[in-house]
Amino acid sequence: MTAVEIRPGLRLYKAALDRAAQESLRDEIREILRAAPLFQPTMPRTGKAFSVRMSNCGPLGWVSDRAGYRYQPDHPVTGQPWPAIPDALLRLWSDLADYPEDPDACLINYYDVNAKMGAHQDVDEQDFSAPIVSASLGDSCRFRFGGDTRGGSTQALTLDSGDVLIFGGPARKMFHGVDRILPGTSTLLEPPGRINLTLRRAR
DNA sequence: GAGTCTCG
DNA sequence: TCCA
């Protein structure tokens, strides 16, 4: 597997997952979502809904509601523990993350064709020495990233189904977000849209 | 602290 | 959990 080093700590593996791997991962996520349905996160304080819907797998899951951002062991609606992280994702992590422990959280973000994600940092984790491993499934998106402060210069990248992006080291706390989904760019998902899987070490 | 919202 |  060949990586493009976009800048120190930011590596892009184009087509890390072939079509068959994408299909089997999609099917496993579909099963996970049956047990842990997508929920609608809301902004702290204001209660404004995210356009993205979320679920998680692994010992911990990231959630947001009026109370704030946090990792918790159970689904905010069903109260059930999150399902296990699929082996294929654990293998991806051990192949690419260069970190001695398994991830303990995997956030599942579902973007319909109109969903976006504003610029943010992933900073709710305890240990920033572990990278974020991000896999894309379904429609392509315009991914935007910048530096460690808001309002600096940014670059954009198209992420396609099967791509894996890793940010660690000096890129671990970069601001990043999704400008838009590129409709009709993949036949993988029904309904269409994009699923992003981010493997993390929350604790 | 305090926001991954939206808008420009 | 929002209220400084």
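What's counted below: heavy atoms across the whole structure, side chains too, no hydrogens, waters or symmetry copies. Order of the sequence lines fixes the chain letters, A, B, ..., with proteins taken first and strands second; residue numbering starts at 1 for each chain.
As a whole-Å value, the separation of Tyr69(A) OH from dA2(B) P is 11 Å. We find that CZ of Phe50(A) is positioned 6 Å from P of dC5(B), with the value rounded to whole Å. Here the C1' atom of nucleotide dG3(B) and the CG atom of Asp122(A) are 13 Å apart, to the nearest Å. dG3(B) atom P lies 13 Å from atom CD of Gln121(A), rounded to whole Å. Regarding Gln72(A), its CD atom lies at a distance of 12 Å from the P atom of dT1(C), rounded to whole Å. Atom CZ in Arg70(A) sits roughly 14 Å away from atom C1' in dC2(C) (whole-Å rounding). Between the CE atom of Met43(A) and the P atom of dC7(B) there is a distance of 13 Å, rounded to whole Å. Separating the CG atom of Asp179(A) from the C1' atom of dT6(B) is a distance of 14 Å, rounded to the nearest angstrom.
In the set dT1(C), dT6(B), dA2(B), dT1(C) carries the atom at the smallest distance from any side-chain atom of Ala67(A). Closest to the Pro44(A) side chain, of the nucleotides dT6(B), dG3(B), dC2(C), is dG3(B). Closest to the Met117(A) side chain, of the nucleotides dC2(C), dT1(C), dC5(B), is dC5(B).
Within 4.0 Å (heavy atoms only), Asp124(A) reaches at least one base atom of the nucleic acid. When heavy atoms are screened at a 4.0 angstrom cut-off, Gly68(A) is found touching base atoms of the nucleic acid.
With hydrogens and angles disregarded, no donor-acceptor distance shorter than 3.5 Å links the side chain of Trp93(A) to the backbone of Asp98(A). Formation of a donor-acceptor pair under 3.5 Å by the Glu28(A) side chain with backbone atoms of Pro86(A) is not found in this model.
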Please report the C-alpha distance between His75(A) and Phe39(A) in whole Å, then the side-chain angles of each, then the deciding distance to 0.1 Å, and finally whether the ring pair (Phe, Tyr, Trp, His ring centres under 6.0 Å) criterion is met.
CA-CA 9 Å; His75(A) 191 286; Phe39(A) 62 93; 5.5 Å; yes
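If you chain together hydrophobic residues whose side chains sit under 4.5 Å apart, Ile108(A) and Leu90(A) fall into the same group.
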